[in-house]
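To find a chain, count down the sequence lines: A is the first, B the second, and so on, and within it residues start at 1. Quick note: numbers below take in every heavy atom, side chains included, and nothing from hydrogens, waters or symmetry partners.
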Amino acid sequence: MSNYDKVMKLALERGFYFPSCEIYPDAPAGFWEYGPTGTNMKNKFIELWRRELVRRDGMMEIDGCQIMSKSVFVASGHISNFTDPVVKCTKCGSTFRIDRYIEEKTGQRVPERMADSDIDALIQKHNLKCPNCKGDFGKVGRFNMMFGVGIGPAAEEAYLRPETCQTIFVDFSRVFKTMRGRLPLGIAQVGKSFRNEIAPRQSLLRLREFYQAEIEVFCNPNRLDEVPKFDEVKSTILRLYRDGDSGITEVTAQDAISKGLVPNKLVAYYLALLTEFYEKTGIDIKRSRFRKLSDEEKAFYASVAFDFEVETSIGWLELVACNYRSDYDLKGHATTSKQNLEVVDPADQSKVLPHIFELSMGIDRSIYTILEHSYYEEKVKEETRAVLRLKPYLAPVLVGILPLMTKDGLGEKARKIHSELKLDFDTFYDESGSIGRRYRRLEEVGVPFAVTVDQTTMQDDTVTVRYRDTMQQDRLKVTDLRRFLNNALRI
RNA sequence: GCGACGGUCGUCCAGUUUGGUCUAGGACAUCAGAUUGCCAAUCUGGUAACCCGGGUUCAAAUCCCGGCCGUCGCACCA
């Protein structure tokens with residue numbers, strides 16, 4: 001059984017995540033729900049992101065709408081760039097990106113704006129047939145990855161956002177003005193995005209509705225090397241890679257700049273912050289890299305792009321896209337909306353249309369990767385124990401409270417301890433089955449501590465605290481539990 | 001979207017080849033009771049499934065058709 005399968009099984013059995021609408025036969029692919037355990041962990045992941053990126057860097061967080069007007073996507077380029085010309089074989093039904101197919105077969109470039117009728121004519125002229133079955137192609141159609149929605153009785157055209165950043169761009173002007181913004185300014189957002197993937201696959205890894213945590217750093221393009229905070233991270237190790245490299249290059253953020261591997265201090269600063277954040281999630285940073293994208297791979301808006309990737313049992317997985325988007329977005333929105341989106345940089349009183357560097361994080365993929373990198377199996381007395389070694393601050397439950405047995409008042413005592421802690425910590429009370437079984441159940445969902453009430457507790461008001469990873473136990477006064485748990489939550 | 005293969009309790013699997021003894025079985029998990037009392041113990045009992053729709057047939061988990069979902073490959077992935 002692969003690690004992917006093990007995590008998948010754990011997710012289904014223990015309430016991390018599962019398919020949406022699963023009791024109905026018409027449940028569409030690419031939609032997944034977080035169960036109680038997964039939701040708790042996801043919330044904690046987001047809170048860590050807030051701490052390590054948003055608060056650390058003094059960013060502002062907003063929460064925007066998921067449905068946005070058509071104009072937004074005219075301005076963003078999604079209406080034109082996101083709409084691919086496709087053609088369907090009339091015989092076998094296979095669908096092809098016809099612009100690419102024509103280029104491949106004839107060497108003739110098909111401009112993005114070419115009319116469908118002109119593309120049809122090209123197919124005729126070159127007598128192109130389906131490569132699979134030699135059947136005839138039908139008429140050119142258009143496929144857009146955005147979900148359209150109709151608003152109001154007239155069903156006015158609008159779209160579910162395909163990336164959360166668009167709300168940040170359209171909100172930028174007001175936020176900057178009213179919140180007394182200064183460049184560089186990071187605006188952050190956690191929320192859902194929607195893409196009509198042709199072939200969603202592998203549970204949380206390719207979804208049609210998914211969570212993003214995005215950060216858009218608005219900056220003055222003339223001051224990309226003026227980053228006072230850079231000193232905090234100058235010796236942080238960045239792991240850089242480009243396709244074709246023999247291995248990953250480990251350099252400090254400082255050296256990455258002096259060697260020209262990263263274009264400027266601003267980009268290096270955020271790559272370093274991101275590295276430090278992911279180290280704290282418990283992902284094995286030795287199995288991560290920033291892959292520099294080639295020109296062909298970059299998104300239509302990006303001028304420099306690094307993907308933060310992590311090695312998993314199913315290969316390298318992109319968790320974060322780090323794109324230098326230049327002024328592509330604000331220019332587009334300024335032109336389409338006819339609003340002036342320039343701001344004054346107080347450093348030199350110049351008026352600039354800010355450039356944007358973004359960290360676009362996939363939350364669902366991150367959650368999956370943390371689960372996979374945290375999952376361990378080890379032999380204990382001929383039995384295999386499965387342990388999720390989640391950091392205490394990411395664990396869905398921090399502490400399990402267990403009476404060794406229910407009689408002699410141990411049950412009541414344990415319930416009392418539980419009710420004293422449950423409002424301030426994520427706790428779980430369990431008195432069913434043998435103590436060993438209860439420990440195993442806890443460690444399988446990553447609970448780092450178990451507090452056990454035994455006979456001694458009744459005499460001196462102490463309990464045992466058992467550690468998930470080592471299975472060692474300490475004895476602690478009940479009155480010290482709060483302090484112990486608060487300490488354990490320290491990041 | 002195309003192709004190949006698949007879909008049975010929460011999970012994994014048996015049953016489908018050759019339609020009927022399937023009133024669908026087991027293991028693990030889970031629940032209740034008993035017992036034990038610090039690492040998945042034992043005993044007893046319970047909950048719980050044939051993906052959906054149609055067809056063939058006296059009879060369908062089993063055969064046929066369609067749909068949905070999954071895995072893999074191709075294509076796609078701003």
With hydrogens left out and only the distance checked, is there a donor-acceptor pair under 3.5 Å joining A:Y24's side chain and the base of B:C68?
no

#### Entry: Nearest-angstrom distance, P atom, B:A29 to B:U44
16 Å

Problem - P-based separation of B:U21 from B:A61 [nearest Å] - result: 10 Å

Could you measure between the two P atoms, the one in B:A32 and the one in B:A48, and give it in whole Å?
16 Å

With the side chain defined as heavy atoms from C-beta on, A:E197 is closest, among B:C77, B:A40, B:C39, to B:C77

B:U8 versus B:C22 - spacing of their C1' atoms, nearest Å: 12 Å

To the nearest angstrom, the CG-P distance between A:D430 and B:C38 comes to 17 Å

When both distances are under 3.5 Å in a Watson-Crick or G-U wobble arrangement, the nucleotide paired with B:G1 is B:C74

**Request:** Taking the six-membered ring for Trp and the full ring for Phe, Tyr or His, determine whether the centres of A:F16 and A:Y34 are under 6.0 Å apart.
**Result:** no

In whole Å, measure the gap between the C1' atoms of B:G53 and B:G7 for me. 16 Å

note: A:I198, atom CD1; B:G3, atom C1'; distance rounded to Å ~ 16 Å

Under a 3.5 Å limit on both distances, the Watson-Crick or wobble mate of B:U18 is none

Separation of B:U71 atom C1' from A:Y4 atom OH, nearest Å, is 9 Å

Whole-Å distance, A:I23 CD1 to B:A48 P, equals 17 Å

Exercise. Have a look at A:P19 and say if it touches a base, only the backbone sugar-phosphate, or nothing, with a 4.0 Å heavy-atom cut-off.
Key: nothing

note: A:D26, atom CG; B:G53, atom C1'; distance rounded to Å ~ 12 Å

Determine whether the side chains of A:D454 and A:T457 contain a donor N or O and an acceptor N or O closer than 3.5 Å.
yes

Of B:G1, B:A32, B:C38, the nucleotide closest to the side chain of A:A199 is B:G1

A:P28 has its side chain closest, among B:C38, B:C69, B:U30, to B:C69

Rounded to whole Å, the CZ-P distance (A:R385 to B:C38) equals 19 Å

- request: Select base, sugar-phosphate, or nothing to describe what A:A29 touches, counting heavy atoms under 4.0 Å on all strands.
  value: sugar-phosphate

When A:R437, A:R438, A:R441 are each screened for side-chain contact (heavy atoms from CB on, under 4.5 Å) with A:S432, the one that passes is A:R441

* Asked: When we call it a touch if two heavy atoms are under 4.0 Å apart, what does A:R437 touch: a base, just sugar-phosphate, or nothing?
  -> sugar-phosphate

Nearest-nucleotide check on RNA chain B, A:G436 vs A:R201; residue mapping nearer the 5' end is A:G436

**OP:** Answer yes when A:E197 and A:R206 have at least one side-chain N-carboxylate O distance shorter than 4.0 Å, and no when they do not.
**Re:** yes

message = Taking 4.0 Å as the cut-off, does a side-chain nitrogen or oxygen of A:R14 come that near to OP1 or OP2 on B:G10?
response = no

Residue pair A:K9/A:G30 against RNA chain B: nearer the 5' end by closest nucleotide is A:K9

* Taking only the side-chain nitrogens and oxygens of A:Q202, find out if one of them lies under 4.0 Å from OP1 or OP2 of B:C72. => yes

Can you find a side chain N or O atom of A:S434 that sits less than 4.0 Å from OP1 or OP2 on B:A40? no

Check your understanding: What is the ring orientation for A:F306 with A:F290, classed by angle as parallel under 30°, tilted 30 to 60°, or perpendicular over 60°?
Key -> perpendicular

Separation of B:G37 atom C1' from A:E431 atom CD, nearest Å, is 14 Å

With the side chain defined as heavy atoms from C-beta on, A:K407 is closest, among B:C76, B:C38, B:U36, to B:U36

Re B:C68: Watson-Crick or G-U wobble partner, both distances kept under 3.5 Å, found to be B:G7

Checking A:Q212 against A:S193: is there a side-chain donor and acceptor pair closer than 3.5 Å?
yes

If I pick the P atom on B:C63 and the same atom on B:U47, what distance separates them, to the nearest angstrom?
30 Å

Need one value for A:L404: base, sugar-phosphate or nothing, where a base atom within 4.0 Å counts as base even if backbone is also close, heavy atoms only. base

Q: With heavy atoms under 4.0 Å as the rule, sort A:R438 into base, sugar-phosphate or nothing.
A: base

Answer for the Watson-Crick or wobble partner of B:U42, both distances under 3.5 Å, is B:A34

Item to check | Exercise: do A:T452 and A:Y439 side chains pair donor with acceptor under 3.5 Å | outcome: yes

inquiry  = In whole Å, measure the gap between the P atoms of B:U56 and B:G15 for me.
reply    = 29 Å

Any strand, both distances under 3.5 Å, Watson-Crick or G-U wobble: B:C63 pairs with B:G55

Checking B:U11, B:A75, B:C38 against the side chain of A:L12 (C-beta onward), the nearest is B:U11

message: For the C1' atoms, the ones on B:U18 and on B:G1, what distance do you get once it is rounded to whole angstrom?
response: 38 Å

Worksheet item: Which class fits the ring pair A:F357 and A:Y270: parallel under 30°, tilted 30 to 60°, perpendicular over 60°?
Response: tilted

Here the distance between atom P of B:A40 and atom CG of A:L442, to the nearest Å, is 14 Å

